[in-house]
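Quick notes on the structure that follows.
Basis for what follows: all heavy atoms, side chains included, without hydrogens, waters or symmetry-related copies. In what follows, chains are A, B, ... by sequence order, proteins preceding strands, each numbered from 1. These numbers come from a predicted model, not from an experiment.
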Amino acid sequence: MSSAEKYDFKAIERKWQRRWSEWGLFRAVEDPSRPKFYYLDMFPYPSGELHMGHMRNYIIGDVIARYKHMLGYNVLHPMGYDAFGLPAENAAIQHGMHPRVWTEQCIQRMRRQFDMLGISFDWEREIRTCAPEYYRWNQWFFLKFYERGLAYRRPAPVNWCPTCETTLADEEAERGYCWRCSTPVEKRWLEQWFLRITAYAERLLRDLDLLEHWPERVKVMQRNWIGRSEGVEFDFELDGIGEKVRVFTTRIDTVYGVTFIVLAPEHPLVPKLIERSPRRSELHAAVQRMLSRSIEERSSEEVEKEGAFLDAYAIHPLTKEPVPVWVANYVLMEYGTGAIMAVPAHDQRDLEFARKYGLDVRVVIKPPGAELDPKQMERAYVEPGVMVNSAQFSGMDSERAKEAIADYMEQIGVGRRSVQYRLRDWLISRQRYWGTPIPIVYCDGCGIVPVPEEQLPVLLPPDVKITGKGGSPLSQVPEFVNTRCPRCNASAKRETDTMATFVDSSWYFLRFCDPHNDEAPFSSEAVDYWMPVDQYVGGIEHAVLHLLYARFFTKVLYDMGLVKTSEPFTRLFTQGMIYHESYYCRRCRTYRRPEEVKAERTDEGGRVVRCGVCEDEVEIGMDKMSKSKLNIVTPDYVCEQYGADTGRLFILFIGPPEQDAEWNPQGIEGVYRFLNRLWRLVNEHLSDYIPDWRDRLGEFKPSLDGAQRGLRRKLHQTIKKVTDDIEGFGFNTAIAALMELLNEVQSFASSMRPKGEPEGFADRVVLSEAMELMQVVLHPFAPHITDELWERLGKVGSVYQQRWCEADEEAAREEVQVIVVQVNGKVRDRLTVPVGTPEDELRKLALNCKGVQAHIAGRKIERVIVVPNRLVNIVVR
RNA sequence: GGGCGAGUGGCGGAAUUGGCAGACGCGCCGGACUUAGGAUCCGGUGGGCUAUGCCCGUGGGAGUUCGAGUCUCCCCUCGCCCACCA
């Protein structure tokens, strides 16, 4: 065999990337005559460079986008940068560099990586959220929200990250820690802007049911986050004080068991009640102690319940009995009404509190056929049961009593059914520079005045000293702050906070439809054509943040008549994260890069990794790739050593895409070998290729021999499998199937008969079909090598322009099959029979076959189970 | 505490959804070609045994079934989400 030309992936990849770009191959143009397919990846934050986690995301997307294009869809596959945000500002502080410059550098690096990977993005549609042409529409939407009462400013206790020196939305304060830097979050009281997402709570919840093609996990997370609960709201009169306390409960069936009520420490009535009390200084101190607890402490597990009696009594609205009023740390101001009715017999928290402070316990629900002793019980009885001590409701089933009591309270006018949500309004004010200025002016005379639409954008001033200290950087730029009131022209001051960057990403998918529009955020023609996004892919970490905000925005825009879809993303796929070892040196108090540590083998065969600087043993972690942990692996090395096509195959071959994976480059050789074998196969058989194999196949079909039919069978089975696997995100198994196919093509090619003989010619016809169609089905995965081989087969253009192949069902059909013969469920023999052999024939063959005889001899055959096309199981005793 | 998901060779992972467990690949072992092999090709590779065959084997235990990695129940381990939410 002649020594074939080497697989020079570098030259090949460069050549094809240049051509695709010259040809404008991936440009998307609206075309109502063709079905559209909008594929979207979550756009990256330009924090430096792409890592394997990004690569996984974008290669999945590229396979789907290319495949859909080859199926005949008009594909929109855009990319951009979520370019505002804190890291750019931090980098600016650290390196004395303007955030714009830093961001621009990151974008350039990432763009080079995208190009290197050969992804089919339409770069004509690139967007950057930090460009005035983009963020002016953030401001425009803000004004529209404001007009509709969906944006408002209020003083509020907010989550404050002391490290980032800015506020955080509830969604960003994960269990009391900042989502970016993990610093414990503090409470602060500030005037802040909010978007009224709670007005959409019900629709955001209800419409989750429409999202059939979203992972259940994400929907569950959103449901939990919205946290809807149904119950009853009613008031307790405070005895002799002339005030009322409103409470909310989901357990109105326990209302006759109320023995006290509890207010949150922040409840507005607490100071009033303390004022009236003879023990006011003592109570004041107690409440201060509760208030001083940080969110972190309050939300950590097993916080001791703490409270104080407020020297006041409330009148139970049904029994008219007085019950004591307490204040306690376990009641949250943010949820419900900030006050609860306490039923210690039927709520564990209330029971613990009652036991600690010696309060009454009153049983109103009994377990069926058992008694509860209010003095002895250690666990609250929270199951349904039989009502007792509950006036006219005694004896009733508690589940039914829930409805009956609610009806009764509504009838006599002391309460009403109500629904509570855990979801809070979305805090969007950030005391940072690198974001969209909030288009509001404060005028002494006119108050809060929105900037008129025609004055947009409110530009971010370029020269700002960013120190990371002292609140909003914009407040230190007099030229920005001092302005005129748009209404009365008096001197006025601008809002100096900027918007949370999640605003930017809440509608970017709409901008991609019409990215260069300078009259409007987008035209309705473009959006009506492309929306909704048919397939959205990104990380699970956005399950409640971005994905909830984007749904909210879409619904508001729908109500404004700007879009026709009320849900933006038809199908969602959340890919697993890529983990990699990180090395933390305690002594140096810093993470170390892999090249900064030394690994040693211990005598027991274990591994010790030492810091390259101080020689101390480092802590080995397994973390999601991130810049801060210095454990990033970029696609560059892989592309340099093996090429983009190998890298693409490998990142998909690593495992199922929805599963997390550890980065381990060991298997990369395998896919590299696969591409090399394909390269050699085609190049060594270029002279065997018969361009008109399709016509020739017609002639030869009736006379193909077993090996030839076998190869065609494998080929067409593989086409079917790869098609199904792409549809089902089974990229790893699709690649495995292509490897199997190549193995068979290779062995077929090596045993072909001489070209001059008729059989030899037929061999080449069959080989040609396989060589050609393999390029088509492999193309979405490895676009460069397939385009190169395509050209060497004498074709023009790119495989991307070809129609996806359809499997020839007839060729794919098996002729014979292996039937497993079991005795009592254990495999004893195998039968090779023609497909479709009738049941009784199989039974007969099975009972007579050699491997079975020894196992059935002298035993009674009880049953014979025949599963057509699969097996025969002989049951003996 | 509640909810969701996972656990398969030395490793990453397959398994037509109840029908041959371990596809494909890595690694390893042996061979061929070679001055050489870290290139390529061929063969082998779950464990055990009295070895052309038989037994065991998908975190552990029970169950349903002719038949269970797959279904049911209990338990263990890990991951994620929510969590003093009234």
query: Around atom NZ of A/K720, are there more than 12 heavy atoms of other residues, nucleotides or ligands at under 6.0 Å?
result: no
query: A/S229 side chain N/O closer than 4.0 Å to the phosphate oxygens (OP1, OP2) of B/rA86?
result: yes
query: At under 4.0 Å, does any side-chain N or O of A/R251 touch on OP1 or OP2 of B/rC85?
result: no
- request: Establish whether the base of B/rC81 is bridged to the side chain of A/R217 by a donor-acceptor pair shorter than 3.5 Å.
  value: no
message: Under 4.0 Å from OP1 or OP2 of B/rG67: is there any side-chain N or O of A/R863 that close?
response: no
B/rC26 phosphate, OP1 or OP2, under 4.0 Å from A/R673 side-chain N/O: yes
task: Verify whether the ring centers belonging to A/F9 and A/Y642 lie closer than 6.0 Å.
output: no
- prompt: Touch check for A/N743, heavy atoms < 4.0 angstrom, all strands: base, sugar-phosphate only, or nothing?
  reply: sugar-phosphate
query: Expressed in whole Å, how much space separates the P atoms belonging to B/rC84 and B/rG69?
result: 42 Å
- line: For RNA chain B, consecutive-pair runs of 3 or more (Watson-Crick or G-U wobble, both H-bond-type distances under 3.5 Å) give B:1-7 with B:76-82, B:10-12 with B:24-26, B:27-32 with B:40-45, B:46-49 with B:53-56, B:59-63 with B:71-75
- request: Indicate whether OP1 or OP2 belonging to B/rC54 is found under 4.0 Å from a side-chain N or O atom of A/H855.
  value: yes
message: Closer than 4.0 angstrom, basic N to acidic O: yes or no for A/E403 and A/R417?
response: yes
Side-chain donor-acceptor pairs under 3.5 Å in residues 816-824 of chain A, sequence neighbours left out?
residue: A/N824; atom: OD1; partner: A/V876; partner atom: N; Å: 2.9
residue: A/N824; atom: ND2; partner: A/V876; partner atom: O; Å: 3.4

- request: Establish, with yes or no, whether the OP1 or OP2 oxygen of B/rC20 is under 4.0 angstrom from a side-chain nitrogen or oxygen of A/R828.
  value: no
- prompt: Below 4.0 angstrom from OP1 or OP2 of B/rC24, is there any side-chain N or O of A/N732?
  reply: no
